[in-house]
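Here is the naming used below: chain letters follow the sequence lines, and residue numbers restart at 1 for every chain.
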Protein chains: 2
Amino acid sequence: MTDHAQRSFRALADPTRRDILRLLSQHEMTIAEVAENFQMTRAAVKKHLSILQDGELISMRAIGRTKVNALNPDGMKRINDWLSYFDTFWDDKLADLKTSIEKDMQ
Amino acid sequence: MTDHAQRSFRALADPTRRDILRLLSQHEMTIAEVAENFQMTRAAVKKHLSILQDGELISMRAIGRTKVNALNPDGMKRINDWLSYFDTFWDDKLADLKTSIEKDMQ
DNA sequence: CTTAAATGATACCATTTGGTATCTCGATAA
DNA sequence: TTATCGAGATACCAAATGGTATCATTTAAG
C-alpha cells in the first residue's frame with residue numbers, strides 16, 4: 001500500500017469517487033456540499049474523500065471549521081504516467097503491422 | 001456493475017493485474033506462462049485474468065487446450081476516454097490562470 | 001485407449017471495502 | 001459564554017475481494 005500508483009488506481013476504482021471527481025471539476029466544495037449530491041451519509045462521503053486524498057486525486061484545505069476539497073493533478077498525472085507505458089506498446093504494434101505489410105509487399 | 005468503465009477501472013485497481021498487463025505487453029502468454037511469473041496459484045492468476053478480460057483489458061483465445069492471453073486496447077481506450085474529461089479541466093484551469101494574469105496587467 | 005497436462009468450476013477462508021450509527025472535538029455566531 | 005454546526009473518530013455490519021484447495025473437463029501424446 002506504500003505504492004503511490006496503487007493508491008491512485010484504488011481511488012479511481014469506485015464509481016462514487018469518480019463522480020466526486022467530476023463534481024469537483026466544476027468547482028471546489030466542502031464535505032457537506034459534496035455530500036448533498038449523494039444518497040449516503042456525510043461520513044461515507046468523507047471516507048471517499050479521504051481515499052481520494054490518499055491517492056492524491058484531490059487536496060483538502062481547512063477554512064475555518066470547514067474543509068474545502070479541490071482536484072489535485074498529482075494523482076491524475078501518476079495514472080497517466082502509468083498508462084503512457086502502453087502508448088508505446090500500441091505504437092510498437094502499429095510499427096510491427098507496418099513492417100509485416102511491407103514484408104508482404106516484397 | 002454493468003458499467004463498462006467500472007469494469008475496466010476495477011481491473012486496474014490491483015497491482016498483480018497491472019503487472020500482468022505489463023507482462024503481456026512483451027508478448028502473448030498462456031495462463032500457465034503468466035502464472036510462472038507470480039508466487040500464487042494458477043487458479044488465483046486465472047481469476048485475475050478473468051477480471052482483466054471482464055474489463056476488456058485483455059483478450060483470450062483458445063488454441064487447442066491452452067488459452068492465449070493478449071492485451072486488448074478496448075479497455076485502455078475506455079480508461080483514457082474517462083480521463084480525457086479532466087484534460088479539458090486542466091486546460092480550463094490554465095486558461096483561467098491566463099485570464100486572471102491578463103486582468104492583472106490591465 | 002489411457003494418461004498426463006492445461007484449463008474450468010466450485011467451495012471455502014481471511015481481509016478489505018463501503019456503508020451506518022454514534023460520540024467527540026473545534027470553531028463560529030448569538 | 002454558550003449553543004450550534006461542520007467535521008473527525010470509532011465501532012460495527014454486510015458484501016466484495018484475493019487467495020487456497022480440490023475436483024471435473026478437455027485435449028494432446030504414447
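For A:Asp19, there are no side chain to side chain donor-acceptor pair (under 3.5 Å) partners two or more places apart in sequence or in a different chain. By the side chain to side chain donor-acceptor pair (under 3.5 Å) test, A:Lys46 pairs with A:Ser50, sequence neighbours left out. Residues passing the side-chain contact (heavy atoms from CB on, under 4.5 Å) test with A:Asp74, sequence neighbours excluded: A:Glu56, A:Asn72.
When the side-chain nitrogen and oxygen atoms of B:His48 are compared with OP1 and OP2 of D:dG19, one or more of them lie within a distance under 4.0 Å. Phosphate proximity of C:dG8 to B:Arg42: absent, as no side-chain N or O sits under 4.0 Å from OP1 or OP2.
A:Ala44 comes within contact range of at least one nucleobase, with a heavy-atom separation under 4.0 Å. As judged by a 4.0 angstrom heavy-atom cut-off over every strand, B:Lys46 is placed among residues touching the sugar-phosphate backbone only.
For B:Glu33 and A:Arg17, each mapped to the nucleotide of DNA chain C holding its nearest heavy atom, the one lying further toward the 5' end belongs to B:Glu33.
Straight-line distance from the CZ atom of A:Arg10 to the C1' atom of C:dT15: 13 Å, rounded to whole Å. The CG atom of B:Asp14 sits 11 Å away from the C1' atom of D:dG19 (whole-angstrom rounding). With rounding to whole Å, B:Gln53 atom CD is found 9 Å from C:dG8 atom P. One can place CD of A:Gln6 at 13 Å from C1' of C:dT17, the figure rounded to the nearest angstrom. Atom-to-atom, NZ of A:Lys47 to P of D:dA9 comes out at 13 Å; the value is rounded to the nearest Å.
Near-neighbour residues of DNA chain D inside residues 63-70 of chain B, defined by a heavy atom below 4.0 Å, number-ordered: B:Gly64, B:Arg65.
Atom NZ of A:Lys67 sits about 5.0 Å away from atom CE of A:Met60, to the nearest 0.5 Å.
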Below 3.5 Å, can you tabulate the donor-acceptor pairs from side chains in residues 23-31 of chain A to any protein atom, sequence neighbours excluded?
| from | atom 1 | to | atom 2 | distance (Å) |
| --- | --- | --- | --- | --- |
| A:Ser25 | OG | A:Arg22 | O | 2.5 |
| A:Ser25 | OG | B:Tyr85 | OH | 3.4 |
| A:Gln26 | NE2 | B:Tyr85 | OH | 3.2 |
| A:Glu28 | OE1 | A:Arg61 | NH1 | 3.4 |
| A:Glu28 | OE1 | A:Arg61 | NH2 | 3.2 |
| A:Glu28 | OE2 | A:Arg61 | NH1 | 3.1 |
| A:Thr30 | OG1 | A:Glu33 | N | 3.2 |

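With distances taken from any side-chain atom of B:Thr41 to the nucleotides D:dG18, D:dT20, C:dG18, the minimum falls on D:dT20. Distances were taken from every side-chain heavy atom of B:Met40 (C-beta onward) to each of C:dT20, C:dT17, D:dG19; the shortest belongs to D:dG19.
The shortest distance between side-chain heavy atoms of B:Asn37 and B:Val45 does not fall below 4.5 Å.
In the hydrophobic clustering, A:Ile51 connects to no other residue, as no ILVMFWY side-chain heavy atoms lie under 4.5 Å from its own.
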